[in-house]
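Only one structure is covered here, and it is reproduced in the block below.
What you see is a predicted model; the values in this text were computed from it and never measured. For reference, positions follow the sequence shown, starting with 1.
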Amino acid sequence: MTAHNTETGTVTGTKDKDFNLIWFTEASLSNALRMEQYVGDAERDGDTELAEFFRRAQAESRKGAEQGKALLAARLREIS
């Protein structure tokens, strides 16, 4: 087994489910930033179809990030 498969917070101090939520939120935010670059690349090549595709992907990443942030905030309020 790998460490990831057996980690339940004893090493990191963060339960897997909490780590997963934090990771998901960060990954969604990073992806939204990455999509901005991809939109620009597509636009510079004059590919409006691809640019729009990346804009939709960016919107979904933003949506996931906002939902993740809201869930994190609610859970942080529960523990304080």
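- Within the structure, ring pair (Phe, Tyr, Trp, His ring centres under 6.0 Å) contacts touching residues 43-75 (residues at least two apart or in different chains) are Tyr38-Phe54.
- Note that CG of Leu21 and CD of Glu26 are 12.5 Å apart. Values are rounded to the nearest 0.5 Å.
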Acceptor/donor pairs from residues 64-74 side chains to any protein atom, 3.5 angstrom cut, sequence neighbours excluded:
residue: Glu66; atom: OE2; partner: Lys69; partner atom: NZ; Å: 2.9

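- Not a single side chain to side chain donor-acceptor pair (under 3.5 Å) links Ser28 to another residue, sequence neighbours left out.
- For residues 57-80, there are no ring pair (Phe, Tyr, Trp, His ring centres under 6.0 Å) pairs, not counting sequence neighbours.
- Across Leu50 and Asp47, no two heavy atoms sit closer than the pair N-OD1, 3.0 Å.
- A side-chain donor-acceptor contact under 3.5 Å links Asn20 to the backbone of Asp16.
- Among residues two or more places apart in sequence or in another chain, the side chain to side chain donor-acceptor pair (under 3.5 Å) test is passed with Gln37 by Asp41.
- Under the side chain to side chain donor-acceptor pair (under 3.5 Å) criterion, Glu36 pairs with Gln58, not counting sequence neighbours.
- Closest heavy-atom contact between Val39 and Ala51: CG2-O, 3.7 Å.
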